[in-house]
Structures are given as structure tokens and as C-alpha cells.
Amino acid sequence: AQKVTQAQTEISVVEKEDVTLDCVYETRDTTYYLFWYKQPPSGELVFLIRRNSFDEQNEISGRYSWNFQKSTSSFNFTITASQVVDSAVYFCALSVLNSGGYQKVTFGIGTKLQVIP
Amino acid sequence: NAGVTQTPKFQVLKTGQSMTLQCAQDMNHNSMYWYRQDPGMGLRLIYYSASEGTTDKGEVPNGYNVSRLNKREFSLRLESAAPSQTSVYFCASSEEGLGRESIQYFGAGTRLSVL
């Protein structure tokens, strides 16, 4: 069975601070993908990043960076110099194939980030 | 670009009433999904449709039915609503149909309250 743990349910930071959102996953599959989605107050989930299990290179996109470590089964997300627009709920997700060969995605419970001006 | 469109955005039902949540995507995606989002539980899959003409149960299918009307549309029906079905419902579609690498694109959600 797959499991995604986002231990931080809510985080508050002051604008311009750096913040790291933790994600720990469990799976017996050797091939899988990890995702981060953002859910702003408007409600819809927005895709941020996808990473496959064979690619442990960290990635940076502007103020966002992701640290994937298979040794600790973690895929953490850091926002540098946070801004009020970063306030949202962030979901980490794990994707494998189910017994029928279709995609099965397991989401974490989400981390609510509040950036205070 | 519309992406994934869900209707209605809000709905209040009485226990025992029925209703259908509509979802349509204009990205020519093969796969579509229905999730529910509850506090402290993240998103849980209700049903999915890997391709037009097929549907399968997800993690929490009880009390729901679905119809993949055509490639664009995937509806979710509550035959006899219960308070436990109070939730936010999301429809999603994915770009590659099959494969663990597929990115899912989400609608804005439907907030449903069952009294």
C-alpha cells in the first residue's frame, strides 16, 4: 500500500522568510512518480512539479526548489523569500500503477501555508 | 482555456435527495477522475474512467455512481445523499491516459452540504 505523510498541517511565516514543506512517502514499487500540487484559496489544484523515482536531482524553479532523497523517502519543497501569493494548501502525491495497470495516486493531507505580510 | 469545468460550484441537499455533479474537460484527455476532499484526509478517489466507455471504483465508491458520457464528460451521481457525503468534490483529467507519470488537471471543485 502507498502512503504519503505531510506532518505539517499548518505553517505560518512572515513574508520574505524561507519555508520548507515536508513530504515523506511509502511504497514498495520501485518505479513511481512524486508530485506537488498547490491549492490556492480559489480552490482548484494546480500542478507544480513531477519527479520520477530514478531521478534524484534537485530542481529549482524561481523561488521554488525541491529536494528528492530516496534514502529517506522524502520529497521536500522549499519556497525562498516567501510572498503573500504563496499562501495556499500544498499537496504532495505519490503515483504508481494499480493492479489493472492504471495510475493510482495517493495524496497527502496537505500543508496549509500562510504568509503574513 | 477552460480546462476542467465543474458544475455546480455549490449545492445544499437534504438527506435522501439525489443530484448529479457534472464535469467536462476540453483537453482531449483520456482519463478522468472524481475525488472528494475532507479536512484532515486529503483527496480520496471515488471513481475513475481510464478511457471513454470504462469506469472503475476508487478508494471510496460507496453511495456514488458515475457515467462517462463521452470523452469530454464524466458525471458523478449521488442517488440518496447522506450527511457523510458533505464534502468538496473535485473532478480531474490526465494527459496521458495510462501511466503513473500522468499529471492530473483539476476543476475548481463543488462544495456540497447534505443536511
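Letters A, B, ... are given to chains in the order of the sequence lines, protein chains preceding strands, and every chain is numbered from 1.
In this structure, A:Phe91 is not a member of the same hydrophobic cluster as A:Leu113, with clusters built from ILVMFWY side-chain heavy atoms closer than 4.5 Å. Taking hydrophobic clusters as Ile, Leu, Val, Met, Phe, Trp and Tyr residues chained together by side-chain heavy-atom distances below 4.5 Å, A:Trp66 shares a cluster with A:Val19. One hydrophobic cluster, built from ILVMFWY side chains closer than 4.5 Å, holds both A:Tyr64 and A:Val13. Linking ILVMFWY side-chain heavy atoms closer than 4.5 Å, directly or via other members, places B:Ile46 and B:Val4 in two distinct hydrophobic clusters. In the hydrophobic clustering of ILVMFWY residues, with side-chain heavy atoms under 4.5 Å counting as a link, B:Leu112 and B:Leu45 come out apart.
Both the backbone and the side chain of A:Thr31 come within contact range of chain B, each with at least one heavy atom under 4.5 Å from a heavy atom of that chain. There is no contact between A:Asp29 and chain B, counting heavy-atom distances below 4.5 Å. Interface residue A:Gln39: only side-chain heavy atoms are found under 4.5 Å from chain B. Using a 4.5 Å cut-off between heavy atoms, B:Leu43 contacts chain A through both its backbone and its side chain. Only the side chain of B:Tyr48 comes within contact range of chain A, judged by heavy atoms closer than 4.5 Å.
Residues B:Ile103 and A:Arg50 come closest through the heavy atom pair CG1-NH1, 3.7 Å. Counting all heavy atoms, side chain and backbone alike, A:Glu44 lies closest to B:Phe90 at CA-CE2, 4.2 Å. Between B:Ser102 and A:Phe35, the closest heavy-atom pair is O-CZ, 3.3 Å.
A distance of 12.5 Å separates CZ in A:Phe47 from OG in B:Ser94, rounded to the nearest 0.5 Å.
At least one donor-acceptor pair under 3.5 Å links the side chain of A:Tyr37 to the backbone N or O of B:Gln104.
Other residues, nucleotides and ligands contribute more than 12 heavy atoms inside 6.0 Å of the NZ atom of A:Lys70. In this structure, A:Lys38 places its NZ atom where more than 12 heavy-atom neighbours from other residues, nucleotides or ligands lie under 6.0 Å away. Summarising the local packing, CG of B:Leu115 is surrounded by more than 12 heavy atoms from other residues, nucleotides or ligands at distances under 6.0 Å. In B:Arg44, the CZ atom is crowded: over 12 heavy atoms of neighbouring residues, nucleotides or ligands sit closer than 6.0 Å.
No side-chain heavy atom of B:Gln37 sits less than 4.5 Å from a side-chain heavy atom of A:Phe107.
When the candidates B:Gly58, B:Ala92, B:Gly42 are compared by the number of heavy-atom contacts under 4.5 Å with chain A, B:Gly42 comes out ahead.
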**OP:** Could you walk me through whether A:Val105 and B:Tyr35 pass side chain to side chain contact (heavy atoms under 4.5 Å, CB included), step by step?
**Re:** CA-CA 11 Å; A:Val105 181; B:Tyr35 291 91; 4.0 Å; yes
